[in-house]
2 protein chains.
Amino acid sequence: MTKILVVDDEPALVRTLSINLRARGYEVTHAFDGRTALQCIAEDTPDVVVLDLGLPDLDGVQVIRRVRRTSELPIIVLSARHDSDDKVEALDEGADDYVTKPFGMDELLARVRAAVRRRTPSSAHPEPVRTDHFTLDFAERVATRDGSPVKLTPTEWNLLEALAIRPGHLVPQAELLREVWGPGYEKDTHYLRVYVAGLRRKLEPEPGRPRYLLTDPGQGYRFSC
Amino acid sequence: MTKILVVDDEPALVRTLSINLRARGYEVTHAFDGRTALQCIAEDTPDVVVLDLGLPDLDGVQVIRRVRRTSELPIIVLSARHDSDDKVEALDEGADDYVTKPFGMDELLARVRAAVRRRTPSSAHPEPVRTDHFTLDFAERVATRDGSPVKLTPTEWNLLEALAIRPGHLVPQAELLREVWGPGYEKDTHYLRVYVAGLRRKLEPEPGRPRYLLTDPGQGYRFSC
DNA sequence: GCGCCTCTTGACGGTTTCTTAACGCATGAC
DNA sequence: GTCATGCGTTAAGAAACCGTCAAGAGGCGC
């Protein structure tokens, strides 16, 4: 069953949305502020989030940013503001769609359907990795080495994920750069050098002689478990 | 390079979009009507389509429907109409996103980035080769000989690939040089001598008496498995 | 505002890969 | 036999690439 989290500080709107969504067969949970929303996302693991930008505590964009650190959960943004900058900012932070209040219920439902349809298995995280020297849990973004936790930055996780989604496979430099930094970065290979070095320092037993994060000079990198 | 197809019947808008998208590093093609658009999609295989709903020949929704029969190509819809029904219909037919004219360029660019991010990458390579003495996996760029891995350089892989696309067939020297080193290198046959020698040394059981990488003197080389 | 963390950017040295040249061998023409 | 041409082999210098370090910019939380 598809779960939808509705985040808005107007109880009336939340109620209207809940009724309509439930009538279409969705399971609906709700939150009235940003912190609660983040908690619900972590605990209830909804399939889609409908998020109002104007919340009492956190800015909606911040909520998107936090969520995007760890997941690709589809987010549909609601906003009363007509200003286009908001849309841009929210979309750039990783929102999937944007609806301006007031909106028709049909439109919102269509966008929810589109978001649910998009939620493909390919957006799922790579399998957790367990080697002799470290473990990686991509869903939780937790890494351990010799039993103790290792801190990885968001970019390091993104890069690792791009490599670990196909363990043992060569991933071309341009593809890594596009997936982690975005289109237009395909030639900035120095990013890869810096971040691979960082990952090796944190994960490899001998960073100077890598065993897991391997280089194919002139081609790309591969993650071997 | 990420290819974007812009479909709109207003040349001025197409031009503006093309300039902006190209400035962001995208490759842009365009069509002014629905039939041409479908043709472009089939032939140019763009990565994202930006599609105006109001086209002279076909309805934009019909274009979406046709495309969705065969692919999941991300489609961003443009429309001058403010009517919400259009949005609903387009999204339900499988459009990924919807922008109402007039729109800010920043907003559209953000939506394009979001669509590109969602798209799954893929590419084509010759079939893997398996002989009595070695195996070649072109997608992974992994070669093994007698069970143990063999390291090949990027140029060696490119040359092997040019030969292995048509196993058993003679490939003229000029063609190999053009495909691997680029146009203008058609006469630099010494490259072939050097690199074929390298490949034989790494792959052939008796490099002096080649069995897989064969020479047709004065003409070219062929790869026989 | 302040400190912390992350990302970006530049510089340097070591390594791999590419390019180029030289030489030996075979073949065929004269 | 001698020469010319094309191919195979090797090695050395040039260029490109990679790993590493560190300084500076920017964002975020407090």
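Lettering follows sequence order; numbering is per chain, from 1.
Bending across the helix from C/dG1-D/dC30 to C/dC30-D/dG1, expressed as the angle between its end axes from five pairs apiece, amounts to 30° (10° rounding).
The CG atom of A/Asp132 lies 5.5 Å from the CZ atom of A/Arg211; values are rounded to the nearest 0.5 Å.
A/Phe134 and A/Tyr212 have perpendicular rings, their planes meeting at more than 60° on a 0 to 90° scale where under 30° would count as parallel. Between A/Trp181 and A/Tyr191, the ring planes lie parallel to each other; the angle is under 30°, not in the 30° to 60° tilted range.
Look at A/Asp97 and A/Arg113 and you find no salt bridge, because none of the NZ, NE, NH1 or NH2 atoms lies under 4.0 Å from a carboxylate O. Ion pair B/Glu161/B/Arg141 flagged as a salt bridge, since at least one NZ, NE, NH1 or NH2 atom sits closer than 4.0 Å to an Asp/Glu carboxylate oxygen.
Going from atom CG of A/Leu176 over to atom P of D/dC17 covers 16 Å, rounded to whole Å. Here the P atom of nucleotide D/dC7 and the CG atom of B/Leu177 are 11 Å apart, to the nearest Å. A/Arg141 places its CZ atom 13 Å from the P atom of C/dT6, with the value rounded to the nearest Å. Summarising the geometry, the separation between CG on A/Leu192 and P on C/dT8 is reported as 12 Å, rounded to the nearest angstrom. Here the P atom of nucleotide C/dC7 and the CG atom of A/Leu159 are 11 Å apart, to the nearest Å. Between the P atom of D/dG29 and the CG atom of A/Asp57 lies a distance of 12 Å, rounded to the nearest Å. With rounding to whole Å, A/Gln62 atom CD is found 10 Å from D/dG29 atom C1'.
Residue B/Thr215 has a polar side-chain atom (N or O) positioned under 4.0 Å from OP1 or OP2 of D/dG8. Close to D/dC17, at under 4.0 Å from its OP1 or OP2, lies no side-chain N or O of A/Gln219.
By the salt bridge (charged side-chain N to carboxylate O under 4.0 Å, His left out) test, B/Lys151 is found to be paired with no residue, residues two or more places apart in sequence or in another chain being considered.
Counting only residues at least two apart or on different chains, the salt bridge (Lys or Arg N to Asp or Glu O under 4.0 Å) pairs with a member in residues 183-200 of chain B are B/Arg178-B/Glu186.
Counting heavy atoms from C-beta on, the side chains of B/Val99 and B/Val50 never come closer than 4.5 Å. You'll find the side chain of A/Thr45 reaches within 4.5 Å of the side chain of A/Lys3, heavy atoms only. Taking 4.5 Å as the limit, every side-chain heavy atom of A/Glu107 sits out of range of all side-chain heavy atoms of B/Tyr98.
Within the nucleic acid shown, B/Arg209 has no heavy atom closer than 4.0 Å to any nucleic acid atom.
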> What does nucleotides 16-30 of chain C look like as a protein-contact string, B for base, S for sugar-phosphate only, - for none, at under 4.0 angstrom between heavy atoms?
Replying inline: SSBBB----------
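Side-chain N or O atoms of A/Arg222 include one that pairs as donor or acceptor with a backbone N or O of B/Glu140 at under 3.5 Å. Judged by distance alone, the side chain of B/Asp96 and the main-chain N or O of B/Ile75 form a donor-acceptor pair under 3.5 Å.
Contacts between residues 196-206 of chain B and DNA chain D, defined by a heavy-atom separation under 4.0 Å, are made by B/Ala197, B/Arg200, B/Arg201.
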>> Run the side-chain contact (heavy atoms from CB on, under 4.5 Å) test on A/Leu136 and A/Phe223 for me, step by step, so that the C-alpha distance in whole Å, both residues' side-chain angles and the decisive distance to 0.1 Å come before the verdict.
In response: CA-CA 12 Å; A/Leu136 303 171; A/Phe223 180 77; 4.1 Å; yes
> Where do B/Val196 and B/Leu159 land on the side-chain contact (heavy atoms from CB on, under 4.5 Å) test, with the steps shown first?
Replying inline: CA-CA 8 Å; B/Val196 168; B/Leu159 179 55; 4.2 Å; yes
Collect all protein-nucleotide pairs involving nucleotides 1-3 of chain C in which both atoms are nitrogen or oxygen and the distance is under 3.5 Å.
none

